[in-house]
Amino acid sequence: MSKKYILEIHNFDNSNSILNNFITEIRDVNIQKDSMRFRRNIERIGEILSYELSKKLEFLSHKTTTPLGIKNINIIKNNLVLCSVLRAGLPLHQGVLNYFDSIENAFISAYRHHITEDEFDIKVEYLASPSLDNKILILADPMLATGSSLVAVYHALEKLGNIKQIHIISVIAAKEGINYIEKHFPKNTNLWVATVDKKLNSKGYIVPGLGDAGDLAFGTKI
Ligand code: URA
């Protein structure tokens, strides 16, 4: 039987590059305590994944006049919207913005509402977005754990227009989360992930992961 949904996964786990140094620093239990460094490393990972993702976007031929002549260069068509999940997504959002100067921006809140200590559902509340009609949507979520918040976010966003294509940018993903989003996102969605871990613990945290990305970037919450 053919699969209904197909996710294209770009996982940089096995390619040696400077990306590995940034991932090591955000995971390291001592280095990650420096929240300014943590945020900046997430941002740097966002920059690298943006560069990789850019190769799959739509390009237009552009005639550039230099002081000495004319050169035709292919540049990215500006039909992009970047949506980040508050609050942990903010440093990753900044990383993507550092490269895509004219991208439109959307923000959405999704949080785990705990029913018991180990059981939770996802609440989506705040949403600020431009129209997504005929746009390429980049969804930034640093920790793809169960995948349930990303799917809840997608269901809220799909009401805002006929989305042309979705690219998900994530720093660490769990296999379980990848399998879950594969069943719920449309065909030809691309996932750009710096590294993939095997397990989730009973609280839905990625193991070995890095801990709570929102708390490490912005401090603990009540
Ligand atoms: N969110 C986090 O910040 N960390 C995890 O491991 C999972 C979800």
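Atoms within a ligand are numbered from 1 in the order they appear, just like the ligands themselves. Just the heavy atoms: all of them, side chains too, but no hydrogens, waters or symmetry mates, feed the values below.
With respect to the salt-bridge test (charged N to carboxylate O, under 4.0 angstrom), the residues Lys199 and Glu176 do not qualify. Note on Glu43 versus Arg40: salt bridge recorded, some NZ/NE/NH1/NH2 to OD/OE distance being below 4.0 Å. Note on Asp197 versus Arg27: salt bridge recorded, some NZ/NE/NH1/NH2 to OD/OE distance being below 4.0 Å.
A donor-acceptor pair under 3.5 Å is absent between the side-chain atoms of Ser170 and the main chain of Ala173, judged by distance alone. At distances below 3.5 Å, not a single donor-acceptor pair connects side-chain atoms of Lys55 with backbone N or O atoms of Tyr51.
Ranking the protein heavy atoms by distance from atom 1 (N) of ligand 1 puts Met143 CB, 3.7 Å first. The single protein non-hydrogen atom nearest to atom 7 (C) of ligand 1 is Ala145 CB, 3.6 Å, given as residue, atom name and distance. Looking only at protein heavy atoms, the nearest one to atom 5 (C) of ligand 1 is Tyr205 CD2, 3.3 Å.
Residue contact check for ligand 1: Gly204 places a non-hydrogen atom closer than 4.0 Å to it.
Of all the heavy atoms of Ala213, the ones lying under 4.0 Å from any atom of ligand 1 are found in both the backbone and the side chain.
Atom numbering of ligand 1 starts at 1 in the shown order; those under 4.0 Å from a heavy atom of Ile206 are 5 (C), 6 (O). Counting atoms of ligand 1 from 1 in the listed order, those under 4.0 Å from a heavy atom of Gly211 are 2 (C), 3 (O), 4 (N), 5 (C), 6 (O).
Under the 30°/60° scheme for interplanar angles, the aromatic rings of His10 and Trp192 are found to lie parallel.
The shortest N or O to N or O distance between Gly214 and ligand 1 is not under 3.5 Å.
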